[in-house]
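Just so you know, residue 1 is the first one in the sequence shown, and it goes up from there.
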Amino acid sequence: MNIIKTFINYCKACYDELAHKVTWPSRKELTQSAVVVLSASLIIAVVVWLMDVAFKAVMSSIYPN
């Protein structure tokens, strides 16, 4: 029975923290963060693609068909 009360208290504490103590971002902040993440992802994808193209060119010159 003690384990059930502990679990219920844990759930209440989690709810209290999420409902009253956490500061949620505004729509503008969330949009700005999403744009930053998408831009960084695109830049990293392009860099990886360029490295792949360069590696393929180097390997093709070392090991021709």
- [ ] Only one of Val46, Val48, Asp52 passes side-chain contact (heavy atoms from CB on, under 4.5 Å) with Leu50; say which it is.
- [x]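 The passing option is Val46.
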
Task: ILVMFWY cluster, Leu42 and Val47 together (side-chain gap under 4.5 Å) - done: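 Cluster IDs for Leu42 and Val47 differ.
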
TODO: Please examine the side chains of Phe7 and Asn2, heavy atoms only from C-beta on, and report whether any two atoms are closer than 4.5 Å.
DONE: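 The answer is no, as the side chains (C-beta and beyond) never meet within the 4.5 Å cut-off.
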
- [ ] Report yes if some heavy atom in the side chain of Val37 is under 4.5 Å from a heavy atom in the side chain of Ser33; otherwise report no.
- [x]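 Side-chain contact under 4.5 Å: no.
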
TODO: Please answer whether the main-chain N or O of Cys14 pairs with a side-chain N or O of Glu17 as donor and acceptor at a distance below 3.5 Å.
DONE: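 Here the side-chain-to-backbone pair does not exist.
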
Open item on the list: So, taking the atom named CD1 in Ile3 and the one named NZ in Lys5, what distance separates them when rounded to the nearest 0.5 Å?
Closed with: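 Reported value, rounded in 0.5 Å steps: 13.5 Å.
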
- [ ] Could you grab the distance from atom CD of Glu29 to atom OG1 of Thr31, nearest 0.5 Å is fine?
- [x]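 Spacing of CD (Glu29) from OG1 (Thr31) equals 10.0 Å.
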
Task: Atom CE of Met51: over 12 foreign heavy atoms under 6.0 Å - done: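 Count not over threshold, so no.
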
Open item on the list: Working note: Val35 + Ser39, criterion side chain to side chain contact (heavy atoms under 4.5 Å, CB included); need CA distance, chi angles, decisive distance, verdict.
Closed with: CA-CA 6 Å; Val35 168; Ser39 301; 4.1 Å; yes

Task: Evaluation steps, side chain to side chain contact (heavy atoms under 4.5 Å, CB included), between Trp49 and Ile44 - done: CA-CA 9 Å; Trp49 176 75; Ile44 291 170; over 6 Å; no

- [ ] Kindly write out the residues that satisfy side chain to side chain donor-acceptor pair (under 3.5 Å) with Asp16, not counting sequence neighbours, or none if the list is empty.
- [x]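 For Asp16 the side chain to side chain donor-acceptor pair (under 3.5 Å) partners, ignoring immediate neighbours, are His20.
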
